[in-house]
Protein chains: 2
Amino acid sequence: MTGWREFDQNLVSHSAAHHLTTIQFLLDEFGYARVSDVARHLGITRGSVSVTLKGLRQRGLVIEDEHKHLGLSDEGVRIARGIHIKRILLQTLFRDVLGIEDEVAEQDACKVEHLVSDDTADAVGRLLHKIETGKAPQQMQKMMKELEKESSGTVSDFPSEKIQKFAELLEQRQTENEGDTK
Amino acid sequence: MTGWREFDQNLVSHSAAHHLTTIQFLLDEFGYARVSDVARHLGITRGSVSVTLKGLRQRGLVIEDEHKHLGLSDEGVRIARGIHIKRILLQTLFRDVLGIEDEVAEQDACKVEHLVSDDTADAVGRLLHKIETGKAPQQMQKMMKELEKESSGTVSDFPSEKIQKFAELLEQRQTENEGDTK
DNA sequence: TCAACCTGTTTGGGTAGCCAAACTTGCTAG
DNA sequence: CTAGCAAGTTTGGCTACCCAAACAGGTTGA
């Protein structure tokens, strides 16, 4: 059971991910981004941002012009865009397919956006696209509506009896399959 | 845009989550769990485990009998079980609904299991249960099969042109909706 | 002109985790 | 009986983040 520590050995950390996407956001929104702007937007001190960005500059992801205005390198843009798209896709999945309240969906997406693999994010995108283009219309729509109705408000106790039993079933089935392929 | 730091302000950290679920696993599997066993299973040193478990003992999640055999308190069991179930549900979602290769699905689930909200996990469980019990049969099945075919192997470049355009559409739509409710 | 202000950087302090290495304990094989 | 080994703990070091506070530079209003 090694491999669980791949957690923090990602392309970028949670912190770095937010620094990058924030710079991109500020550029799109206001046309410029400075250390203070990033700090304000992230709710941390200028000092912290200064130190973090020094690292990201050394890694060649963030650049700075003569007026201390920040920018992203091609690689930086690529990473920031990837993370941002993952966030959108996950949030949409949680909210529109699973029926989660928007705020919770956004928070969950924000927490995991930089952790999910490209493969998974891509599959989420394709699923959403299929649903969008009506390739899974009536029954899917109906199912989603039902899900939405059920998930009214907040779950009081996780896992519920039913879900727990179901998860145990899934686990058992998985164990059996592992036995097959071995 | 504060709130992005809820990341590490969860009930338990990624590390703690794995310590707890490992103890539970060892108890189920072998009937006992010691510091060394946990260390071996997690692939880290006894020293690290010792220190971490001291904290978890102080928080009342882990207990220890006179023979240095580890156990979980009621609260510890509750947390470990919750995380474990989230992992199963997410892994199943990624693998069986999104068509992700099992190993990747497991890794992704492992990375985010302790981060997703109870609400989201619960909704995933209900969705899977609906699919399971045939409440979204033909078209869903067909869609899943198609997804599986498409996602042959690993995504070379994320995001693809198509997914990126789609994500932009989703984002734009979302922005408009925010305008409505404001 | 120059004090006040805003911006950015540096530094010392704190937490969380990891490792390596030294130490303590207790059991067990000669 | 004791030497040796395995298990657990402690300690010093490292990285990654955060903050607060001190400091350095540029702009600007009076």
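Convention: sequence-line order gives letters A, B, ...; per-chain numbering from 1.
More than 12 heavy-atom neighbours from other residues, nucleotides or ligands sit within 6.0 angstrom of CG on B:D65.
Computed from coordinates, the B:L53 CG to C:dC18 C1' distance equals 14 Å when rounded to whole Å. Straight-line distance from the NE2 atom of B:H18 to the P atom of C:dA16: 19 Å, rounded to whole Å. With rounding to whole Å, B:L42 atom CG is found 15 Å from C:dC19 atom C1'. Atom-to-atom, CZ of A:R5 to P of C:dG17 comes out at 13 Å; the value is rounded to the nearest Å. The nearest whole Å value for the distance from the CD atom in B:E66 to the P atom in C:dC27 is 13 Å.
Within residues 22-32 of chain B, no residue approaches DNA chain D, by heavy-atom distance under 4.0 Å.
Here B:V77 pairs with B:Q24, B:L72 under the side-chain contact (heavy atoms from CB on, under 4.5 Å) rule; sequence neighbours left out. Remark: B:S48 engages B:I44, B:T45 in a side-chain contact (heavy atoms from CB on, under 4.5 Å) (not counting sequence neighbours). Qualifying side-chain contact (heavy atoms from CB on, under 4.5 Å) partners for B:S117, counting only residues two or more places apart in sequence or in other chains: A:V104, A:D108, B:D119, B:T120. In this structure, the side-chain contact (heavy atoms from CB on, under 4.5 Å) partners of B:L56, at least two apart in sequence or on a different chain, are B:A16, B:H19, B:L20, B:T52, B:L53, B:R59, B:L61, B:V62.
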Look for any protein N or O under 3.5 Å of an N or O in nucleotides 13-16 of chain D and output each such pair with its distance, or none.
none

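Looking at heavy atoms from C-beta onward, A:K130 lies out of side-chain contact with A:R126 at the 4.5 angstrom threshold. Contact of the A:L70 side chain with the A:I63 side chain is not registered, since no non-hydrogen atoms from C-beta on lie closer than 4.5 Å.
In the helix from C:dT1-D:dA30 to C:dG30-D:dC1, the rotation axis of the first five pairs and that of the last five pairs differ in direction by 20°, rounded to 10 degrees.
Applying the side chain to side chain donor-acceptor pair (under 3.5 Å) test to every pair with at least one member in residues 26-37 of chain B, sequence neighbours left out, gives these pairs: B:R34-B:D37, B:D37-B:R40. Judged as a salt bridge (charged side-chain N to carboxylate O under 4.0 Å, His left out), the pairs with a partner in residues 76-89 of chain B (not counting sequence neighbours) are, in order, B:E75-B:R78, B:K86-B:D118, B:R87-B:E113. Listed by first and then second residue, the salt bridge (charged side-chain N to carboxylate O under 4.0 Å, His left out) pairs that reach into residues 47-58 of chain A are A:R57-A:E64, sequence neighbours excluded.
For B:S15 and C:dC18, the shortest distance from a side-chain N or O to OP1 or OP2 is below 4.0 Å.
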Between protein and nucleotides 4-9 of chain C, map the contacts as a letter string: B base, S sugar-phosphate only, - none, heavy atoms under 4.0 Å, written 5' to 3'.
-> ---BBB
List, one per line, each side-chain donor-acceptor pair under 3.5 Å for residues 166-173 of chain B, sequence neighbours excluded.
from: B:E171; atom 1: OE2; to: A:H84; atom 2: NE2; distance (Å): 3.1
from: B:R173; atom 1: NH1; to: A:E132; atom 2: OE1; distance (Å): 3.3
from: B:R173; atom 1: NH2; to: A:E132; atom 2: OE2; distance (Å): 2.7

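Between B:F158 and A:I85, the shortest heavy-atom contact is CZ-CG2, 4.0 Å. The shortest non-hydrogen separation linking B:T21 to B:A80 is CG2-O, 3.7 Å.
Proximity note for B:T45 (side chain, C-beta onward) versus C:dG17, D:dC18, C:dC19: the nearest is C:dC19.
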